[in-house]
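Scroll down for the structure; my scribbles are underneath it.
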Amino acid sequence: VPGWDAGYSDDDDTTVHAHFGFAIDLTTLGEDITSVTYIIDGDGSAYFEYGQSRNGVKTGDALSDRTNQTITLSGEEMSDIGTIDGGSLSLEISTDLPKSFNELYDASLASSDNPDGHDAIYYQSITYGASLLSGRTLSITATFDDGSELTHIYRLEPVEAFEDQLRANTTAVNESIANNTDASKLDLEPLFMLEQIQ
């Protein structure tokens, strides 16, 4: 989960709005692929963000930032990002949290020196955000040199022990950073399961 923020908006101090970003591994297997299109169904609260700038791609390069429920990456882009070195795709969720989260958020503001106060809203709100993806479908279509296409459709489901695995992953990453080791090499627990339905 490389992205998270939450807070009251200037226009509404009674509802906590939260935003989450779940990273997707872009490694793609296959030959003669000219483009790959990703589609997430449902309302606009869930969408993809491809941020080439996150990994230091220079301004003016062929890669560009984009945000939408449908994202197409060209063969050139897929070649550049085949090992995630040139960018990352994240599945973003932007939503208002239920009123039950107000107390957690207020407690986190009041306990800036207490990590436990921040952790409660962080982990519980991300777990709620993940639940909003339950049952949504992710469609991936590859287009090949000869014009043919191949589509796979997957149903997304957060794992049963989502919050526990999120906590374990976060602890592992933080320990890796503290020990000056490469966090990208960690074998983290999956947070979602994909069921192929087509």
Side-chain angles (χ1 to χ4, degrees), residues 1-7 16-29 36 38 46-67 71 73 76-95 97 101 104-133 138 140 156-194:
V1 184
W4 175 86
D5 62 72
V16 178
H17 187 82
H19 177 262
F20 324 94
F22 299 103
I24 295 178
D25 185 336
L26 284 175
T27 302
T28 301
L29 304 178
V36 178
Y38 300 83
Y47 54 91
F48 296 113
E49 181 174 290
Y50 173 62
Q52 56 87 3
S53 57
R54 293 181 182 177
N55 290 317
V57 177
K58 296 177 182 178
T59 302
D61 286 353
L63 304 177
S64 61
D65 294 332
R66 68 203 74 170
T67 300
I71 284 186
L73 301 176
E76 178 184 358
E77 291 168 327
M78 292 304 298
S79 176
D80 288 338
I81 63 181
T83 58
I84 320 300
D85 291 336
S88 60
L89 186 66
S90 58
L91 181 53
E92 308 282 321
I93 294 285
S94 187
T95 187
L97 298 177
F101 280 88
L104 282 176
Y105 183 71
D106 292 343
S108 74
L109 293 178
S111 59
S112 57
D113 296 329
N114 179 5
D116 291 339
H118 172 75
D119 286 354
I121 184 68
Y122 177 78
Y123 290 113
Q124 291 182 39
S125 65
I126 293 176
T127 300
Y128 173 77
S131 73
L132 300 181
L133 290 172
L138 169 63
I140 306 173
L156 286 168
E157 288 294 343
V159 296
E160 186 173 344
F162 182 93
E163 185 174 340
D164 291 339
Q165 294 191 183
L166 174 61
R167 286 177 179 271
N169 287 351
T170 304
T171 297
V173 169
N174 289 341
E175 289 177 352
S176 177
I177 293 171
N179 294 326
N180 293 316
T181 57
D182 188 352
S184 67
K185 304 296 185 184
L186 293 172
D187 186 19
L188 300 176
E189 294 293 330
L191 296 179
F192 292 90
M193 301 300 292
L194 296 177

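This one's a predicted model, so the numbers in the text were calculated from it and none came from an experiment.
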Residues I93, H19; criterion side-chain contact (heavy atoms from CB on, under 4.5 Å); working and verdict: CA-CA 6 Å; I93 294 285; H19 177 262; over 6 Å; no

Step-by-step side-chain contact (heavy atoms from CB on, under 4.5 Å) determination, T67 to F48: CA-CA 6 Å; T67 300; F48 296 113; over 6 Å; no

Criterion side chain to side chain contact (heavy atoms under 4.5 Å, CB included) against K185, the qualifying member of T181, D182, D187: D182

Candidate pair F22 and L133, rule side-chain contact (heavy atoms from CB on, under 4.5 Å), full reasoning: CA-CA 11 Å; F22 299 103; L133 290 172; 4.0 Å; yes

Heavy atoms only: give me the nearest [X]-[Y] pair and the separation to one decimal.
| X | Y | value |
| --- | --- | --- |
| F162 | P158 | CD1-CB, 3.9 Å |
| L186 | A172 | CD1-O, 3.6 Å |
| A6 | W4 | CB-CZ2, 3.7 Å |
| A130 | F192 | CB-CZ, 3.8 Å |

Would you say the side-chain atoms of [X] pair up with the backbone N or O of [Y], donor to acceptor, closer than 3.5 Å?
| X | Y | answer |
| --- | --- | --- |
| Q165 | V159 | no |
| N169 | E189 | yes |
| T170 | L166 | yes |
| S90 | G21 | no |

F101 and Q124: CA distance, side-chain angles, deciding distance, side-chain contact (heavy atoms from CB on, under 4.5 Å) verdict: CA-CA 9 Å; F101 280 88; Q124 291 182 39; 4.0 Å; yes

Heavy-atom check, side chain of [X] versus side chain of [Y], under 4.5 Å:
| X | Y | value |
| --- | --- | --- |
| Y38 | L73 | yes |
| L138 | L91 | no |
| F20 | S125 | yes |

What distance do [X] atom [atom1] and [Y] atom [atom2] have between them, rounded to the nearest 0.5 Å?
| X | Y | atom1 | atom2 | result |
| --- | --- | --- | --- | --- |
| L104 | L109 | CG | CG | 11.0 Å |
| M193 | E157 | CE | CD | 10.5 Å |
| Y47 | E92 | OH | CD | 5.0 Å |

No-hydrogen, no-angle side-chain donor-acceptor test under 3.5 Å, H17 and S94: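 Yes, side-chain donor-acceptor contact under 3.5 Å.
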
